[in-house]
Amino acid sequence: MWVKVIKVHELGGPEVLSWEEVEIGDPKEGEIRIKNKAGVNYVDIYYRTGLHRAPLPFIPGKEAVGVVSAVGPGVTSFKVGDVVSYADNPMGSYAEEQIIPASVAIPIPPAIDYKTAASVLLKGMTAYVLVRQAFKRGHTVLVHAAAAGVGSLLCQWANALGATVIGTVSTEEKVGQATQDGCRHVIVYTKEDFVTRVAEITSGEGVHVVYDAVGKDTFQGSLACLMSRGCMISYGQSSGSRPDPVRLSDLAPKSLILGRPGLMHYTTNHDELLQAASEVFASIMAGVLQVHSNHVYLLSEAARVHKDLEARRTSGSIVLIPDGQRL
């Protein structure tokens, strides 16, 4: 069968996202085929530009929810018509239909709608790992890009667990959402120096944890915001992947901890994957997490999505749907 996809044949700007038709077959042993509605994540841009490597040509996208349209031999856990999601691997969700290993598919609870599921799984499991690995009740935390997909969920989860959350955003328009998501203080970093404001807010003590998805532009400032024995968690690099070199001795004056966790290392088997996903879905159903699915685009508009995301014209989560379909 033939399906429409977004394909990348060469690295570059949004213009390299090509709208094409490709042929896919039936699922093989242990595989299923799903009709996708894809989530968009900043990591998709990393692959498009070459910051993260993938063999060319490739179909981008690391997250989707969909209805199972075919089941390969040996698959007993799913049937045609089931609603499932997956996140992180394999890549290729910018497609009307996609074949994935049944072992990575996660059943969607009936209370979670398609739009929410497509918006939240990868971001939510990332937030779950970040909060669980570097957080204690009563901490003060700094979350950069607080109105972005992962940032929004991080703020909500940390606030619900008893943290005092300081968030940074790029524009005044995003202050309201960050406040709604549990930020006690919101800093518009394009207008204020966030290091100075964090020092003022904490009376010079600094924060226990910084969650930094920005990278180069905020890295040194993030370290400066930490109190003694503070923890810097880097989980993205939207401003660039190469901050100024940090010597281990630079961390010594405040006994700082620097980490770069990756979701794949915390979901190494099916049980860990299901545990992370169930925590996300349970938190949504309990009202702890509100998913801001603020933007829905057609799959054919993927280039415009990337332009808007890079220009910081979006907030919350983004979903791509096949042309001619509705959520």
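We number each residue from 1, following the sequence as shown. Because only heavy atoms are used, hydrogens play no part in the values below, and waters and symmetry mates are left out as well, while side chains stay in. Remember, predicted model here, so these are calculated numbers, not experimental data.
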Within 6.0 Å of [atom1] in [X], more than 12 heavy atoms from elsewhere:
X	atom1	value
Lys4	NZ	yes
Arg313	CZ	yes
Glu20	CD	yes

Side chains of [X] and [Y] in contact at under 4.5 Å (non-hydrogen atoms):
X	Y	answer
Glu272	Tyr266	no
Val43	Lys62	yes
Val319	His295	no
Val22	Lys7	yes
Val84	Ile106	no
Phe219	Val214	no
His292	Ser317	no
Val209	Leu142	no

For [X] and [Y], work out which heavy atoms get closest and say how close.
X	Y	result
Ala146	Asp181	O-OD2, 4.5 Å
Phe58	Leu11	CE2-CD2, 4.4 Å
Pro60	Ile6	CD-O, 3.3 Å

task = Kindly assign one of parallel, tilted or perpendicular to the pair His144 and Phe194, based on the angle between their ring planes and the thresholds 30° and 60°.
result = perpendicular
message = Assess, by modelled atom type and distance only, whether the side chains of Ser255 and Arg229 contain a donor and an acceptor separated by less than 3.5 Å.
response =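 No.
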task = Take Asn294 and Ser315, measure what side chain to side chain donor-acceptor pair (under 3.5 Å) needs, and give me the verdict at the end.
result = CA-CA 7 Å; Asn294 293 340; Ser315 62; 3.1 Å; yes
